[in-house]
Undergrad: 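Quick one: this structure, given as structure tokens, is what I'll be asking you about.
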Amino acid sequence: MIEINNLTYQYQVDAAKVLDNVSLSFKSGDWVSIIGHNGSGKSTLVKIMMGILEDYEGEILINGNKLTKENIANYREKFAIVFQNPDNQFVGATVEDDVAFGLENQGVAREEMVEKTEAALTAVNMLSYRRHAPARLSGGQKQRVAIAGALAMAPDVLILDEATSMLDPEGRKDILNILEDIHRERQTTLIYITHDLSEIEKSDYAVIMKDGEVLNRGSIEHIFSDTDTLIKSRLVLPYQMQISRALLKGEYVTHGELVEKL
Ligand SMILES: Nc1ncnc2c1ncn2[C@@H]1O[C@H](COP(=O)(O)OP(=O)(O)O)[C@@H](O)[C@H]1O
Ligand SMILES: [Mg+2]
């Protein structure tokens with residue numbers, strides 16, 4: 001559904017290429033993880049996909065149609081994004097106002113707005129906080145509300161740009177579990193950006209980036225079985241993989257399989 005061909009981008013004409021000939025494609029409904037160190041070009045890539053940055057080389061096709069300056073507005077409403085810092089994305093005085101904001105802007109009728117807001121808050125287990133002020137929630141709760149705001153718009157593609165990086169391990173796990181439910185129940189395409197390899201196990205497809213280039217892509221099994229590339233990417237190997245490398249000659253196993261083998 002989304003096909004990126006030979007995408008090259010630089011912020012200034014004489015500056016270094018931040019994306020260098022990136023080609024990728026993934027299917028509608030997939031959970032896609034994009035992994036890479038700081039500065040590898042992940043945010044730039046999604047900003048281009050969302051039409052926030054223009055004047056790139058290469059092309060982006062959505063369902064076979066090339067994205068252009070003229071048609072980007074039609075696609076933009078099919079994409080929703082949640083950013084890293086939970087504090088920078090609230091506009092409503094209460095949780096439910098905040099989640100309803102995008103729908104209100106679209107002129108959705110009151111009854112439908114309430115319904116969609118409740119459904120989105122239920123999906124992230126935050127309905128009981130509907131009348132709370134977003135500013136007073138924990139980091140994890142704020143990100144769940146931000147996800148609800150995105151979900152209320154029923155996007156085809158939900159992008160999370162390091163949305164868990166400021167959360168504690170419990171908060172991260174909560175978000176990943178919620179995403180798993182959303183992915184299963186709504187068939188939303190997820191683009192999950194992270195620098196943490198331990199967060200990609202649930203995804204269908206993963207892309208490793210480094211310095212504006214794609215180092216590897218494919219299934220999780222493929223990504224984790226190519227240890228040389230993982231080491232080259234300078235990402236921290238997940239704990240279970242470090243154990244597996246030490247005890248199982250590097251064979252890729254899931255957390256559950258590792259527990260069983262041990
Ligand atoms: N607005 C900008 N102007 C100039 N350079 C930028 C800008 N935003 C990002 N960069 C540079 O582009 C590179 C890729 O950044 P980014 O896409 O944010 O990477 P990531 O999200 O993987 O950390 C980095 O070297 C960064 O310094
Ligand atoms: Mg980034």
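Atoms within a ligand are numbered from 1 in the order they appear, just like the ligands themselves.
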Undergrad: For atom 18 (O) of ligand 1, what's the nearest protein heavy atom and its distance?
TA: Ser43 CB, 3.7 Å

Undergrad: To the nearest 0.1 Å, how far is atom 22 (O) of ligand 1 from its closest protein heavy atom, and which atom is that?
TA: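 Checked against all protein heavy atoms, atom 22 (O) of ligand 1 sits closest to Lys42 NZ, 2.8 Å.
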
Undergrad: If the threshold is 4.0 Å, N to carboxylate O, is there a salt bridge linking Asp87 and Lys142?
TA: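 Looking at Asp87 and Lys142, the cut-off is met.
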
Undergrad: Provide the closest heavy-atom pair for Leu53 versus Tyr11 in the form atom of the first, atom of the second, distance.
TA: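 Minimum heavy-atom contact is CD1-OH, 3.6 Å.
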
Undergrad: Any link between Ile62 and Met49 through a network of hydrophobic side chains (Ile, Leu, Val, Met, Phe, Trp, Tyr) touching at under 4.5 Å?
TA: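 In one cluster: yes.
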
Undergrad: Regarding ligand 1, does Gln12 bring an N or O atom to under 3.5 Å of one of the ligand's N or O atoms?
TA: no

Undergrad: Determine, using heavy atoms of Met209 and all atoms of ligand 1, whether some pair is separated by less than 4.0 Å.
TA: no

Undergrad: Note the single closest protein heavy atom to atom 19 (O) of ligand 1, along with its residue, its atom name and the distance in Å.
TA: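 For this ligand atom, the closest protein heavy atom is Gly41 N, 3.1 Å.
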
Undergrad: Taking 4.0 angstrom as the limit and counting only heavy atoms of His37, give me the atoms of ligand 1 inside it, by number and element.
TA: 22 (O)

Undergrad: Got a second to check how far Leu151's CG is from Thr188's OG1, nearest 0.5 Å?
TA: 6.5 Å

Undergrad: Heavy-atom distance to atom 17 (O) of ligand 1: which of Val46, Ile48, Thr44, Leu45 wins?
TA: Thr44

Undergrad: Can you tell me the protein heavy atom closest to atom 14 (C) of ligand 1 and the distance?
TA: Val18 CG1, 3.4 Å

Undergrad: Could you check whether atom 26 (C) of ligand 1 has a protein contact, counting only heavy atoms that fall below 4.0 angstrom?
TA: no

Undergrad: Starting from atom 23 (O) of ligand 1, locate the nearest protein heavy atom and write down its residue, its atom name and how far away it is, to 0.1 Å.
TA: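 Looking only at protein heavy atoms, the one closest to atom 23 (O) of ligand 1 is Gly39 N, 2.7 Å.
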
Undergrad: I'd like to know if the side chain of Thr164 pairs up with that of Gln143 as donor and acceptor (distance under 3.5 Å, no hydrogens or angles considered).
TA: no

Undergrad: Give the contacting part of Glu162 toward ligand 1: side chain, backbone, both or neither, where contact means a heavy-atom distance below 4.0 Å.
TA: neither

Undergrad: Which atoms of ligand 1 have any heavy atom of Ser40 under 4.0 Å away?
TA: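 That gives atoms 19 (O), 20 (P), 22 (O) of ligand 1.
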
Undergrad: Could you check whether Glu112 pairs with Lys116 (Lys NZ or Arg NE/NH1/NH2 to Asp/Glu carboxylate O, under 4.0 Å)?
TA: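 Yes, this pair counts.
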
Undergrad: I'd like to know if the side chain of His222 pairs up with that of Asn216 as donor and acceptor (distance under 3.5 Å, no hydrogens or angles considered).
TA: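 There is such a pair between these side chains.
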
Undergrad: Any side-chain donor paired with an acceptor under 3.5 Å for Thr194 and Asp196?
TA: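 Note: Thr194 and Asp196 side chains miss the donor-acceptor criterion.
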
Undergrad: Should the pair Lys69-Asp55 be classified as a salt bridge under the 4.0 Å nitrogen-to-oxygen rule?
TA: yes

Undergrad: Does Asn38 put an N, O or S atom under 2.8 Å from the Mg ion (ligand 2)?
TA: no

Undergrad: Looking at CD1 of Ile178 and NE2 of His183, how far apart are the two atoms once the value is rounded to the nearest 0.5 Å?
TA: 15.5 Å

Undergrad: Any protein heavy atom at under 4.0 Å, with atom 1 (N) of ligand 1 as the reference point?
TA: yes

Undergrad: Quick one: nearest non-hydrogen protein atom to atom 10 (N) of ligand 1, plus distance?
TA: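 So the nearest neighbour among protein heavy atoms is Tyr11 CE1, 3.4 Å.
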
Undergrad: Within the 4.0 Å heavy-atom shell around Asn38, which atoms of ligand 1 are there?
TA: 23 (O)

